[in-house]
Number of protein chains: 2
Amino acid sequence: MNVMNASPRRKELTRLAAQLFVQEGFDRTTVRMLAQEMGIKSGSLFHHFKDKQEILAAVIEEGTQNALMIARKALDECAAEPEVRLRAMVRAHLETLLTDRNAHVVALFEWRRLDPAASAHLSHLRDAYEALWVDVIDDALEAGLIHGDRFLVSRFVLGALNWTVRWYDPNGPRSPDDLADELVAMIMPTSA
Amino acid sequence: MNVMNASPRRKELTRLAAQLFVQEGFDRTTVRMLAQEMGIKSGSLFHHFKDKQEILAAVIEEGTQNALMIARKALDECAAEPEVRLRAMVRAHLETLLTDRNAHVVALFEWRRLDPAASAHLSHLRDAYEALWVDVIDDALEAGLIHGDRFLVSRFVLGALNWTVRWYDPNGPRSPDDLADELVAMIMPTSA
DNA sequence: CATTTACACTAGCGCTTGCTTGGTTACTCT
DNA sequence: AGAGTAACCAAGCAAGCGCTAGTGTAAATG
């Protein structure tokens, strides 16, 4: 069995699994469904993954790693003004969320299905990502761009953003960047 | 079997089911677990509910009915100023969400598990509730309290509110009304 | 008093689940 | 050519699943 390696085959399988997990939910997705989607038999699945849990962990890890990378890159590449950074962070969040959508929907809504070990490991990744947000929000508050309780503001903003996966239509007229601008405008009094 | 009645026993069972559905998720909650929580054997469960699906539908219906009632009452009882109504609606939403929490978490995160018939029936209830929101948001926009795309604004606000069930701690220092005020302040430029 | 109704029980059927076992194929590297 | 390995398959096990059938019993109803 392929322990913890990142073979291209395994990556592709992870992508397919993410799609099925979104479509059906983790619990309703059987190993037989996963195998069929991958074009193999259910027994062969366990050559690539130790068990079903590990597939879930792989999907979530993949998505969270990506989010972290994109957000860091976006922040590195932009100016130091709090407003620019805030907008960049919102854009980066939506970009990841809506392009790598399957993995993120799984991360958001199936996190509880992780066993404690995997959850502990992945929590660090998620914390690292949220730390970026805390920084950006704090700077924006200090600069007077937005106001309010830092904890509540960041929760509200992340909630509004994460919820987009429930209604956003990528074939509709609005781009992810449109959403980002609209949200920033909504919470920034100076935009009037 | 007790078809569609609303006996007090059934109401209590629905409440217990909601709790278990939140704890374990609908799919992982077995009829045997439900029965044990209710103090009966699994076979007896089907005297009260036609099948497992009907329990889910009962939980969601119960929660949505409550939300609709509370919101209507709140709007009826408050003044006509758009700002007052917006604040009242946000408060009502959070109040329902966080007191009748189990039912709403199920409604928000297990809706997809409903079979088409139940989903169609309950969609009307949810649409009635969302219509209240559309009204309030439209009035607030027209009065210049907030600005932006009416569709996006309402989605963002509802997203921020609904996401609270993922982090809000009822034993913490903040009351639901605190959250409501903070959110309204966040999106209303005039509050500075 | 006889009958119905509400609610619970026992027992288990038929099926699906995640996962294992033991073996085969195809390809690479020496 | 021979060894090693990654990828797969057929077959099936043990456990758990939703749900049904048939029965018992105490309270309400005629």
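The figures here come from the full heavy-atom set of this structure, side chains too, leaving out hydrogens, waters and symmetry mates. First the proteins, then the strands, lettered A, B, ... as listed; each starts at 1.
- Cluster membership check: A:Tyr129 does not share its hydrophobic cluster with A:Met69, using side-chain heavy-atom separations under 4.5 Å among Ile, Leu, Val, Met, Phe, Trp and Tyr.
- At most 12 non-hydrogen atoms from other residues, nucleotides or ligands lie less than 6.0 angstrom from CD of A:Gln36.
- A donor-acceptor contact under 3.5 Å is not formed by the side chain of B:Arg32 with the base of D:dG16.
- Contact check, A:His47 against D:dA7: a side-chain N or O comes under 4.0 Å of OP1 or OP2.
- Contact annotation: A:Lys41 side-chain N/O to D:dC8 OP1/OP2 distance is not under 4.0 Å.
- For B:His48, counting side-chain heavy atoms from C-beta on, the closest listed nucleotide (C:dC19, C:dA8, D:dA7) is C:dA8.
- Here B:Phe151 and A:Trp167 bring their ring centres to under 6.0 angstrom of each other.
- Going from atom CZ of B:Phe49 over to atom C1' of C:dA8 covers 15 Å, rounded to whole Å.
- Nearest nucleotide to the A:Phe46 side chain, out of C:dT20, D:dG18, C:dC9: C:dT20.
- Between A:Val31 and B:Ser42, the residue whose closest nucleotide on DNA chain C is further toward the 5' end is B:Ser42.
- Checking A:Asn162 against A:His93 by side-chain atom types alone, a donor-acceptor pair falls below 3.5 Å.
- Between A:Arg28 and A:Ser44, it is A:Arg28 whose nearest contact on DNA chain C lies nearer the 5' terminus.
- B:Lys50 places its NZ atom 19 Å from the P atom of C:dC7, with the value rounded to the nearest Å.
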